[in-house]
Amino acid sequence: MRRRITAVLALALALGAAGCAGGAPSGGEPAASAPAQADPGAVADLDCGDGELVSQEMSSGATWSMCWSVDPKRGLELTDIHLAPPGADPVSVIASLSISQLEVPYDTGERLTSDITEAGFGGSKMQTLDEESCAGDRLGADIPNVGDGTYGKTPHREVLCSELVDGGIAYHASDVAAPAVGRRTDWQLSSVSRVGWYEYVSQYVFAADGTIRVRLGATGDLSPVDHTDGDHGWPIGPGETAHAASHSHNAVWRVHWALGGPGGMAVEQYDAEPTGEHGEQSPIVRGGTAPIERPATAEWVDRRWWRVLAPEVRNADDHPISYQIDLERTDSFTFVEDHEHGAADGYDVAFTNADECQIFATRNRGTCGAGVPEFVSRGSDEPLDDVVSWVAVGFHHVPRDEEQSPMELHWQGFSLLPRDFTAQRFDVPKGREEVNGVPEGLWQEAAEELEN
Ligand SMILES: [Cu+2]
């Protein structure tokens with residue numbers, strides 16, 4: 001309860017600060033699904049169970065709220081993620097979000113770890129934060145030293161860092177019609193887990209515009225026992241000595257969506273292809289979406305992206321609210337485990353219906369399948385509805401001299417972008433309130449002036 005009050009207090013302070021900074025948000029339209037209430041409390045009223053509620057008002061006037069907890073295997077898990085546009089009620093976005101496997105195969109073929117299912121990011125692997133590792137608020141949780149806490153001690157430790165940072169320029173736009181410059185805040189939630197010689201930062205960045213950036217950072221030390229030759233590593237000692245073995249960090253996150261509420265969702269893939277025809281000035285490219293109706297895996301190609309949408313929940317422009325999965329062009333991979341279990345190709349993203357037994361992307365236990373390719377094939381004749389996205393982001397790590405020692409953090413991840421969550425941006429600056437579609441009046445005159 002104390003945490004809740006602290007969060008609300010922080011919210012009031014943030015509101016005050018936003019007011020002083022000027023540029024008060026005004027134009028964002030609430031998503032149509034939000035039930036009308038006398039007092040649109042921006043913080044979702046959540047029952048977090050064993051977890052804790054955290055919330056943050058952003059520079060745009062939007063408010064994020066969610067529960068956080070620590071799973072012995074998956075480490076930091078965020079649940080019931082809600083986003084309230086400025087002046088509107090919170091809208092459900094994600095039911096649960098966490099990493100679901102981190103596989104590290106060495107190029108020598110001599111080592112393979114599945115860090116989430118073997119070691120885990122929670123329990124004693126999760127590091128206690130201090131002033132150096134967290135410049136924001138350090139939040140505590142009961143972290144069992146052994147398994148789920150049935151045995152051993154369960155100390156209360158500060159393991160979550162909640163940090164509101166300057167996110168740089170949000171927009172910088174034409175001084176012809178209505179000059180506007182604005183900065184934005186980013187809210188970072190992160191934890192640190194030690195697995196072997198590596199230390200991993202699990203980070204989720206909630207941005208003022210509704211974007212969610214999912215990140216895994218790796219630091220610590222290169223393995224002191226994995227050295228090889230020039231074909232499988234890189235010399236990090238003097239001359240041609242100490243070839244540290246190259247390896248991959250194969251990460252998959254599980255995103256269980258609850259866009260506009262649980263279930264009732266759909267998935268689409270967008271593609272755009274050059275037609276081979278040329279217009280007056282440029283090649284003609286044709287693009288559009290196609291439904292992914294049943295569980296499936298998909299691979300990234302140029303110009304391709306996916307979105308999860310709530311067809312029944314509409315913004316003020318009558319567009320279904322959705323979130324886009326943006327892979328930010330990273331290394332593709334096929335899990336070694338999957339390949340050994342008959343999967344011909346890897347995937348960049350896969351879609352399944354939620355099943356509480358389907359938790360780990362590989363080495364999943366139970367009768368519901370050993371990993372994502374099996375989850376997909378088992379569910380392939382049910383229509384997608386209660387959508388889970390499995391997002392795969394790899395990083396082929398060739399060690400560098402500078403990584404001794406310790407290793408500078410290197411990051412891999414992806415973004416989830418709101419697409420049509422609201423009819424306009426959350427924080428419409430003065431003079432742009434009416435811009436929604438083809439702009440009129442002053443804007444047309446300005447456009448004509450620019451053309452001439
Ligand atoms: Cu590495």
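Both ligands and their constituent atoms are indexed starting at 1 by order of listing.
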Open item on the list: For Glu382, I'd like to know if atom CD has over 12 heavy atoms of other residues, nucleotides or ligands within 6.0 Å.
Closed with: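 For Glu382, atom CD is crowded (more than 12 foreign heavy atoms under 6.0 Å).
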
Open item on the list: Could you walk me through whether Asp302 and Arg304 satisfy the salt bridge (Lys or Arg N to Asp or Glu O under 4.0 Å) test, starting with their C-alpha distance in whole Å, then the side-chain angles of each, then the deciding distance to 0.1 Å, before giving a yes or no?
Closed with: CA-CA 6 Å; Asp302 287 335; Arg304 174 173 290 172; over 6 Å; no

Open item on the list: So, 2.8 Å as the limit: is an N/O/S atom of His247 located closer than that to the Cu ion (ligand 1)?
Closed with: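 Checking the Cu ion (ligand 1) against His247, an N, O or S atom does fall under 2.8 Å.
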
TODO: Could you tell me whether the Cu ion (ligand 1) has an N, O or S atom of Tyr198 under 2.8 Å away?
DONE: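 For Tyr198, the answer is yes, given that an N, O or S atom comes within less than 2.8 Å of the Cu ion (ligand 1).
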
Task: Separation of Ser193 OG from Ile116 CD1 (nearest 0.5 Å) - done: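 OG of Ser193 is found 7.5 Å from CD1 of Ile116.
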
Open item on the list: Would you compute the distance between atom OH of Tyr151 and atom CG of Asn145 and round it to the nearest 0.5 angstrom?
Closed with: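 It comes to 15.5 Å.
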
TODO: Return the name of the atom in His397, of element N, O or S, nearest to the Cu ion (ligand 1).
DONE: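 When I compare the N, O and S atoms of His397, ND1 is nearest to the Cu ion (ligand 1).
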
